Amino acid sequence: MPELPEVETVRRDLAAMYVGRALDRVVVTGRRTVRRHLPERLSAVEGRALTRIGRRGKYLLFEWDDGQVLVAHLRMSGQFVAVPTGAPTAPHTHAVLSFDGAGELRFIDPRTFGELFLADGAHRPLAELSHMGPDALEVTPAYLAGLFARRRAPLKALLVDQRAVAGIGNIYADEICWEAKLRPDRAGTSLSRREVNRLSAAIRAVLEAAISARGSTLSDQRYRDLYGAVGAYQSQHRAYGRAGRPCPRCGRPVQRLRTGGKSAYFCPHCQR
DNA sequence: CGATTATCCTGTGCGC
DNA sequence: TGCGCACAGGATAATC
């Protein structure tokens, strides 16, 4: 379940590996991998050099020297892997980008929720991502205060809503709420200025610590970086997935709350 | 407007 | 040992 820290880790590795390289060939075999337009359109980036890898929330942006932007989203189970040319093909490999002198970048995705598409590079910022809120690493207390003033919804619902804040998913929303000592089901409108400040600081602290640890790999071993290595932040999870186990702050059991088919983990004693 | 549910899809892990 | 099923959740659409 790649969220901002995992996507940022992949972004940095992709940049180090491929920026400045020319793309020789793109081959898409997955039926659902490119679904916003004809898959053949991706060949428009063949022959271009990669100038930059950007990120907006959980989207990765491959920027080419002619202004085109190839957008990728890993969704639930997507993964990019860097392999030498001709390496054995792993199951669920849906796309292969061959770089001049840098081997192959493969897109693997068992559940096929992930996607690739070519954005309309003439429009900046990208029209396809225009619905998204500011990146989670950019939000300020003032922005959050404004958000809570106009949107009445539970705190966690707002944190995972990409239109409100981009990059946070179910796991880091729980970790951020724990760090900020706020219940995930608190109404956003009820937060004091002091609590908004705490939340803003917690967003940054949790995401930056998770990036430093190269993201979280859960027991399903799903998330892997570009080279197949696991993340380390899962060992620092305080709330997510810890139902019944002691809260690291107060020792009382962490509780699991279910809303709308999703789980929220929190400490009812020290999160208020 | 917001809360809830369903949809897409496969691997995993549980209970029986 | 094997079968069936709930569960995992990112984004989006539909419905109440």
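Labels below follow one simple rule: chain letters A, B, ... track the order of the sequence lines, proteins then strands, and each chain is numbered from 1. Just the heavy atoms: all of them, side chains too, but no hydrogens, waters or symmetry mates, feed the values below. Everything numeric here is computed off the predicted structure, so don't read it as measured data.
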Asker: Counting only heavy atoms and a strict 4.0 angstrom limit, can you tell me which residues of residues 150-171 of chain A come near DNA chain B?
Answerer: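 Those residues are A/Arg151, A/Arg152, A/Ala153, A/Pro154.
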Asker: In whole Å, I'd like the distance from the CG atom of A/Asp109 to the C1' atom of C/dG10.
Answerer: 11 Å
Asker: By the definition side-chain hydrogen bond (donor to acceptor under 3.5 Å, both in side chains), identify the one residue from A/Asp220, A/Thr112, A/Asp109 that meets it with A/Ser77.
Answerer: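 It is A/Asp109; the other options fail the test.
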Asker: Write down the distance separating the P atoms in C/dA6 and B/dT5, rounded off to the nearest Å.
Answerer: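 About 16 Å, rounded to a whole number of Å.
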Asker: Calculate the interatomic distance between A/Leu129 atom CG and C/dG10 atom C1'; express it in whole Å.
Answerer: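 It works out to 14 Å between those atoms.
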Asker: For A/Arg258, which contact category applies under a 4.0 Å heavy-atom criterion: base, sugar-phosphate, or nothing?
Answerer: sugar-phosphate
Asker: Check A/Tyr223, A/Tyr172, A/Tyr233 against A/Glu6 for a side-chain hydrogen bond (donor to acceptor under 3.5 Å, both in side chains) and give me the one that passes.
Answerer: A/Tyr172
Asker: Given the ring of A/Phe117, does A/Arg36 sit roughly above its face, with NZ or CZ under 6.0 Å from the centre of the six-membered ring and within 45° of the axis?
Answerer: yes
Asker: Anything under 30° is parallel, anything over 60° is perpendicular, the rest tilted; go ahead and classify A/Trp64 against A/Phe62.
Answerer: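 Correct class here is parallel.
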Asker: Looking across every strand, which nucleic acid part, if any, lies under 4.0 Å from A/Ser263 by heavy atom: base, sugar-phosphate, or nothing?
Answerer: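 Sugar-phosphate, no base atom in range.
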Asker: Please give, in whole Å, the distance from C/dA13 P to A/Arg35 CZ?
Answerer: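 Between P of C/dA13 and CZ of A/Arg35: 12 Å.
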Asker: With the side chain counted from C-beta on, respond yes when A/His94 and A/His92 share a heavy-atom pair under 4.5 Å apart, and no when they do not.
Answerer: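 In contact.
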Asker: Please give me every residue in residues 54-63 of chain A whose heavy atoms get under 4.0 Å of an atom in DNA chain B, ordered by residue number.
Answerer: none
Asker: Taking CE from A/Met76 and P from C/dG10, how many angstroms apart are they, rounded to a whole number?
Answerer: 5 Å
Asker: A/Arg55 and salt bridge (charged side-chain N to carboxylate O under 4.0 Å, His left out): which partner among A/Glu63, A/Glu3, A/Glu8?
Answerer: A/Glu8
Asker: Less than 5.5 Å between centroids and less than 30° between ring planes, does A/Phe113 satisfy that with C/dA11?
Answerer: no
Asker: A/Gln79 has an atom CD; how far is it from atom C1' of B/dC9, in whole Å?
Answerer: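 Taking CD of A/Gln79 and C1' of B/dC9, I get 17 Å after rounding.
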Asker: Counting just side-chain N and O atoms, does A/His92 come under 4.0 Å of either OP1 or OP2 of B/dG11?
Answerer: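 Yes, A/His92 has a side-chain N/O under 4.0 Å of OP1/OP2 on B/dG11.
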Asker: Between the side chains of A/Arg256 and A/Ser263, is a donor N or O closer than 3.5 angstrom to an acceptor N or O?
Answerer: yes
Asker: So what does A/Arg36 touch, heavy atoms closer than 4.0 Å: a base, only the sugar-phosphate, or nothing?
Answerer: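 Nothing, no nucleic acid heavy atom in range.
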Asker: In whole Å, I'd like the distance from the CG atom of A/Leu74 to the P atom of C/dG10.
Answerer: 12 Å
Asker: Check each of A/Thr85, A/Asp24, A/Leu105 against A/Phe99 using the side chain to side chain contact (heavy atoms under 4.5 Å, CB included) test, and report the only one that passes.
Answerer: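 By the side chain to side chain contact (heavy atoms under 4.5 Å, CB included) criterion, A/Phe99 pairs with just one of A/Thr85, A/Asp24, A/Leu105: A/Leu105.
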Asker: Between B/dC8, B/dT10, C/dA11, spot the one nearest the side chain of A/Arg32, thanks.
Answerer: B/dC8
Asker: What is the distance, to the nearest angstrom, from the OH atom on A/Tyr240 to the C1' atom on C/dC7?
Answerer: 10 Å
Asker: Can you tell if the side chain of A/Trp178 reaches within under 4.5 Å of the side chain of A/Gln271, non-hydrogen atoms only?
Answerer: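 Yes. Closest side-chain heavy atoms under 4.5 Å.
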Asker: Just how far, in rounded Å, is P of B/dC1 from CZ of A/Phe148?
Answerer: 18 Å
Asker: Is there a side-chain contact between A/Thr29 and A/Thr93 in this structure, where contact means two heavy atoms from C-beta onward sitting under 4.5 Å apart?
Answerer: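 No; the side chains remain at least 4.5 Å from each other.
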Asker: Given B/dC9, C/dC7, C/dG10, which nucleotide is nearest the side-chain atoms of A/Arg256?
Answerer: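 Given the options B/dC9, C/dC7, C/dG10, the side chain of A/Arg256 is closest to C/dC7.
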